[in-house]
Amino acid sequence: MLTINLIREKRDFIIERLKIKNFEAGEILDRIIAIDTERRDIQTRTDQMQGEMNRISKEIGSMMKDGKKNEADAAKEKTYKLKEEIKNLSDKLIPLDNELRNEIIKLPNLPHESVAPGHGADDNVKVREGGQITVLPDSAVPHWELIKKYDIIDFDLGIKLTGAGFPVYKGKGARLERALINFFLDEGGKAGYREVMPPIMVNEDSGFGTGQLPDKEGQMYHAGLDNFYLIPTAEVPVTNIYRDVILSAGELPLKNVAYTPCFRREAGSWGAHVRGLNRLHQFDKVEIVQIAHPDHSYECLEEMVSHVESLIMKLGLPYRILRLCGGDMSFTSALTYDFEVWSGAQKKWLEVSSTSNFESFQSNRMKCRFKEKGDKQTKLVHTLNGSALALPRIVAAILENNQTETGIKVPEVLVPYTGFDIIN
RNA sequence: GGAGAGAUGGCAGAGCGGUCGAAUGCGGCGGUCUCGAAAACCGUUGUUCGCCUUCCGGCGAACCGGGGGUUCGAAUCCCCCUCUCUCCGCCA
């Protein structure tokens with residue numbers, strides 16, 4: 001959520017920046033500015049009247065004490081009309097506040113100056129790539145055949161238990177999944193992230209704080225009886241740890257890493273291109289989240305990018321890093337790097353991490369602020385997060401790229417975690 | 001699920017219709033003392049919005065879990081909601 005101050009002061013700048021995201025902001029901004037002007041006018045007037053009212057009430061108090069009942073009654077007479085005027089005016093204030101907020105939350109975050117214009121995936125900018133593109137023999141098969149062959153992930157059983165997109169990991173498949181989670185968590189710990197285990201259901205306030213609500217309501221599973229949402233990513237609970245909190249500059253950046261299952265309804269996005277592990281309703285992910293000082297948040301972002309990159313390198317997977325163009329970025333992000341790994345048998349790139357700086361977009365929703373030492377005023381922190389990493393496509397890539405005649409070779413770094421070096 | 005009690009500033013905890021943004025203690029910050037530290041002593045100490053101020057700041061409004069009501073006036077009285085605690089029940 002953009003701050004009202006920025007909107008008041010930099011209307012034209014916002015319009016320019018949002019063009020990069022192919023968003024026409026002019027009309028909304030003008031509406032916001034008009035509502036805001038009216039709101040301030042009304043508040044100024046009600047504040048004045050309320051002050052007058054408070055003064056008279058105090059006078060009545062001391063008159064009563066002094067036994068001047070007649071004077072007090074006369075003063076009461078004066079308040080009746082004033083009270084009514086205040087009510088008439090202040091009744092307008094709440095609807096105006098709501099209206100204002102409803103308009104402001106329609107505005108996406110401003111893209112960072114390094115973000116290229118563009119409309120979709122084709123316009124993303126390749127930052128760098130690493131690893132060797134895997135060349136597999138013609139006999140190589142995609143992961144959905146490998147998991148059947150070795151009986152390590154069972155989609156049909158998941159359909160029986162729940163529905164499509166809820167796989168059951170079995171035997172070495174389950175072990176591999178757990179090994180990856182532990183490996184990612186341990187690597188996060190080594191990089192200075194505190195491990196947390198948050199709830200995987202959140203309330204409405206948390207959903208709003210990170211920007212899932214009201215926008216992506218339909219993309220989350222909702223437990224209606226209690227009004228809880230199953231998290232689509234650990235970003236939601238972990239970032240909301242700092243909702244309504246005032247930090248001191250000295251404690252920044254705060255770094256947390258969390259493993260959670262993630263739940264996504266993925267309404268309307270199924271098709272032939274999302275076979276097997278490519279898209280699921282429930283999947284595992286380790287997420288890193290940073291709460292950063294605004295002056296240093298882009299250094300934090302670079303550090304997170306290096307961390308994610310190191311994970312992929314250690315797993316020995318070919319990868320590339322993309323800086324998303326304006327049209328492909330999320331509503332909430334200021335700058336996003338996507339990480340993709342090469343899936344040898346499908347012969348395509350699979351997105352395994354999205355690492356972003358949200359600047360103050362989430363913190364303004366969450367009211368997460370900090371104070372500089374000796375400073376009275378509060379400022380908004382910057383929030384960042386990244387997948388480090390999302391499991392299913394990593395598993396898909398490992399299975400496909402590492403397949404051999406005799407079985408699937410487990411990446412060396414994972415062997416201490418799995419307890420085996422081949423799936424056969 | 002049943003019965004009862006409660007929710008006040010960073011924490012603990014008073015206040016139960018007017019002078020209460022709120023006593024007191026602890027903590028935090030600044031200072032005195034000290035070679036330095038501790039102790040002691042002194043001072044200071046929330047957030048949001050609006051108006052004025054080119055800085056420093058000043059003035060006003062609101063906030064005592066959330067929402068509504070009574071009243072000239074509400075932390076204090078009434079209603080609803082949420083949450084917490086205690087006992088009972090159930091239970092990994």
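It should be emphasised that the depicted structure is a prediction, and the values quoted were computed from it without experimental measurement.
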Quantified in whole Å, what is the [atom1] atom distance between nucleotide [N] and nucleotide [M]?
N: B/rG58; M: B/rU76; atom1: P; result: 30 Å
N: B/rC88; M: B/rU71; atom1: P; result: 45 Å
N: B/rG46; M: B/rA22; atom1: P; result: 10 Å
N: B/rG66; M: B/rA7; atom1: P; result: 13 Å
N: B/rG73; M: B/rC20; atom1: C1'; result: 13 Å

Within the structure shown, what part of the strands sits under 4.0 Å from [X] by heavy-atom distance: base, sugar-phosphate, or nothing?
X: A/N54; answer: sugar-phosphate
X: A/S57; answer: base
X: A/I56; answer: nothing

Closest-nucleotide mapping onto RNA chain B: is A/K76 or A/G51 further toward the 5' terminus? I mean the 5' end. A/G51
With a distance cut-off below 6.0 Å to the six-membered ring centre and an angular limit of 45° from the axis, does [X] pair with [Y] as a cation-pi contact?
X: A/R178; Y: A/Y417; result: no
X: A/R365; Y: A/F331; result: no
X: A/K172; Y: A/Y150; result: no

Whole angstroms only, please: what is the [atom1]-[atom2] distance between [X] and [N]?
X: A/I42; N: B/rA61; atom1: CD1; atom2: P; answer: 19 Å
X: A/E251; N: B/rG10; atom1: CD; atom2: P; answer: 14 Å
X: A/K83; N: B/rU71; atom1: NZ; atom2: C1'; answer: 6 Å
X: A/I86; N: B/rC72; atom1: CD1; atom2: P; answer: 13 Å
X: A/D375; N: B/rC56; atom1: CG; atom2: C1'; answer: 13 Å
X: A/M49; N: B/rC72; atom1: CE; atom2: P; answer: 18 Å
X: A/D73; N: B/rG73; atom1: CG; atom2: P; answer: 14 Å
X: A/K367; N: B/rC63; atom1: NZ; atom2: P; answer: 19 Å

The Watson-Crick or G-U wobble partner of B/rU71, with both key distances under 3.5 Å, is none
Do A/F263 and A/I200 come close enough that some side-chain heavy atom pair is under 4.5 Å? yes
Along nucleotides 44-55 of chain B, 5' to 3', which nucleotides get a B, which get an S, and which get a -, given that the test is a protein heavy-atom distance under 4.0 Å? --SSSBSS----
Check for a donor-acceptor pair, side chain of A/S363 on one end and backbone N or O of A/S360 on the other, with a separation under 3.5 Å. yes
Hey, is the main chain of A/P232 close enough, under 3.5 Å, to the side chain of A/R264 for a donor-acceptor pair? yes
Residue pair A/S333 / A/K21: nearest heavy atoms and the distance that separates them: O-NZ, 2.8 Å
Residues A/A234 and A/A258: closest non-hydrogen pair is CB-CB, 4.2 Å
